[in-house]
Amino acid sequence: QVSRISGDIREQSFENGLLTLTIANTRTTGSLLIYKHDAYDKELPLSGAQFKLLGEDGAALWFTVKNGVYTVADKTAAGAGNLLTTNALGQALLDGLEFGNYTVSEVKAPEGYRAAAEGLQIKLTAQDETLRLDVPNELILANVTVVKQSDGETPENLIGAVFALYSVAEDGSRQYLDEATTLYDCRASFTVPYGDYLIAEVRAPEGYELSAAEPWSFSFNADTQKDYEFTYTFKNEKSNYSIEVYKHDADDAGKALAGAEFAFTDSRGFTKVVATGADGIARLENAAYDDYTVREITAPDGYYLSDQVFTVAKEELTHNRPLRLDAADTLILGSVTLRKVDSEDSSKLLDAECSVFGADGAALCWTETEDGYALSAEGETLIHAGEAILSGLPAGEYSIREITAPDGYLTLDGDRAFAINAGNALAGVEIEIENIQRKTAVGIIKMDSADRTVRLAGAEFTLYSL
């Protein structure tokens, strides 16, 4: 049905009882509104889609366009064409379409989308009807895979790497889109529509450094080969973390100390002990990326054990650059108070001479001070005093040997041993050496002057010292 029953009466006649009317009818047409949108977001219009409209006879209809609205026209009309193109609103509006059956075919999809199935059938039946046809399109998507492996001749698959996907605009600006993490198959995957992209590693697997390679840039568009596999392999260098402690003398930072032992304890409580070498360095190699505490457990010979505890946060560790800790120890220096006394009444004795010997048997040299004697590289080996304070003695084993006893006393027949160590250096060592007084027996025989064989008893004598 394409015509109205009613119309304008153009001519009329009445002859032989017959009324003849000539009625002009106006052909009535409808409109077709095509709305093109994203298949998963109906509110997202798609421009640039092109359609052909076929009549029941299979012939394509032709149109002219004015102010963005298409109108059915003759093929020979000026500017006529046979394609309907959706605008920025995703719409193509066609007026002047006669009632009937038609086929709508999408001949070109919006960029990045798959064309809808051909042969969408419509039927325009109501007068002055605007028929709406919604045509969704699905995005053309590509699977993108990044592979994470270790560096070297025999790469290993790595899990836990995090990659970020960015879109890249024409001006080079980037917009973050998504992140993915490599799993046990060492792969991380993204799904992308048409566009220009960049993938960068933003977090390396534990124990490895971020990839030194530049971010991966790629494009996916209509020129991309069908079923092209977007795959890229990022390789990581194994992290090389180390912590070193430099042990030196507290009064001389340039004096490296060997033999100190340090305990490096990680956050799990596992401990590794490392000793300083001749360079004063104790180095924990191949340290895990973890938090550590570091403490001295054995001091170098002759030094106090430090109670300093270092705390190292994992964020302080740097690949291929040791984290250095500076640790100083104080030299143990002790003193000895030497006192000579009488063995019987403990009275002090003066004017003794003695020497102090080290563990190597060499006599130590002393310089006399107001307070006693100080150890010195120069000076003399004899200590002239019955009582003296000997200062500046490093930790070690020593012995005192009496060279000259006080007047009237016997010289000691052996050395007196003592030691200076961390336990007694601050308080000092006191050594009291007893000397036995030298004594002589005096016998007096009282006899008769005329007969020396006659002994006389009862005489009394008084002994005087000179």
Side-chain angles (χ1 to χ4, degrees), residues 37-41 43-46 109-114 137-242 266-267 286-291 312-321 323:
H37 61 85
D38 184 271
Y40 298 100
D41 184 359
E43 301 302 318
L44 178 61
L46 303 177
E111 185 177 8
Y113 284 83
R114 300 185 190 281
N137 281 108
E138 291 187 355
L139 276 170
I140 300 174
L141 300 174
N143 291 322
V144 180
T145 302
V146 287
V147 180
K148 171 56 62 174
Q149 292 181 332
S150 63
D151 203 359
E153 296 181 358
T154 55
E156 299 178 357
N157 294 340
L158 303 177
I159 66 173
V162 179
F163 292 91
L165 172 69
Y166 298 86
S167 61
V168 180
E170 291 184 1
D171 61 1
S173 61
R174 304 172 183 178
Q175 181 178 356
Y176 170 83
L177 299 177
D178 198 6
E179 282 187 357
T181 303
T182 56
L183 303 176
Y184 288 98
D185 60 354
C186 76
R187 295 171 180 267
S189 299
F190 300 94
T191 301
V192 297
Y194 279 4
D196 298 320
Y197 299 95
L198 177 149
I199 294 179
E201 184 178 19
V202 294
R203 188 167 72 239
E206 184 175 356
Y208 287 82
E209 293 301 299
L210 282 173
S211 175
E214 291 293 324
W216 174 37
S217 299
F218 63 96
S219 297
F220 176 44
N221 50 46
D223 295 329
T224 303
Q225 180 182 342
K226 186 178 181 180
D227 299 326
Y228 180 80
E229 294 185 2
F230 289 94
T231 303
Y232 188 82
T233 300
F234 285 86
K235 294 194 174 184
N236 291 76
E237 183 181 1
K238 192 173 181 63
S239 297
N240 179 25
Y241 302 125
S242 61
D266 63 23
S267 64
N286 300 318
Y289 188 68
D290 201 354
D291 301 325
V312 177
K314 59 186 176 184
E315 291 79 10
E316 300 177 68
L317 300 176
T318 303
H319 177 58
N320 280 340
R321 190 171 68 192
L323 175 67

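As the structure is a prediction and not an experimental result, all values here were calculated from the model.
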- request: Kindly give the heavy-atom pair with the smallest separation between W216 and V144, and that separation in Å.
  value: CZ3-CG1, 3.5 Å

task: Looking only at non-hydrogen atoms, find the nearest pair between I140 and Y194 and report the distance.
output: CD1-OH, 3.6 Å

- request: Let me see the working for D38 and Y113 under side chain to side chain contact (heavy atoms under 4.5 Å, CB included), right down to the final yes or no.
  value: CA-CA 9 Å; D38 184 271; Y113 284 83; 2.8 Å; yes

task: Assess the side chains of N157 and Y184: does a donor N or O sit below 3.5 Å from an acceptor N or O?
output: no

- request: List the steps, then state whether side chain to side chain contact (heavy atoms under 4.5 Å, CB included) holds for E237 with N320.
  value: CA-CA 11 Å; E237 183 181 1; N320 280 340; 3.9 Å; yes

- request: List the atom of T224, the atom of S219, and the distance in Å for their closest heavy-atom pair.
  value: OG1-O, 3.9 Å

query: Heavy-atom count around E206 CD within 6.0 Å, excluding the residue itself: above 12?
result: no

query: When the ring centroid of F234 is compared with that of F163, is the distance short of 6.0 Å?
result: yes

statement: Here the pair of heavy atoms bringing I159 nearest to P205 is O-CB, 3.3 Å

message: Using modelled atom types and a 3.5 Å cut-off, is there a donor and acceptor pairing between side-chain atoms of Q149 and backbone atoms of P155?
response: no

field: Centroid separation Y289 to Y241 less than 6.0 Å
entry: yes

message: Counting only heavy atoms not in E229 (residues, nucleotides, ligands), do more than 12 fall under 6.0 Å from its CD?
response: no

- prompt: Under the 3.5 angstrom rule, does the side chain of S150 hit a backbone N or O of E156 as a donor-acceptor pair?
  reply: yes

- prompt: CG/L158 to SG/C186 distance, rounded to the nearest 0.5 angstrom?
  reply: 7.5 Å

query: Given side chains that start at C-beta, do those of V147 and R187 come closer than 4.5 Å, heavy atoms only?
result: yes

message: On a heavy-atom basis, which atom in K238 and which in H319 lie closest, and how many Å separate them?
response: O-CE1, 3.3 Å

task: May I ask you to check whether Y228 and F230 place their ring centres under 6.0 Å from each other?
output: yes

- prompt: Does atom CD of E316 have more than 12 heavy-atom neighbours, drawn from other residues, nucleotides or ligands, at distances under 6.0 Å?
  reply: yes

Smallest separation among heavy atoms of Y176 and A164, with atom names: CE1-CB, 4.1 Å

message: Using the side-chain contact (heavy atoms from CB on, under 4.5 Å) definition, which of the options V146, T191, L177 pairs with L165?
response: L177

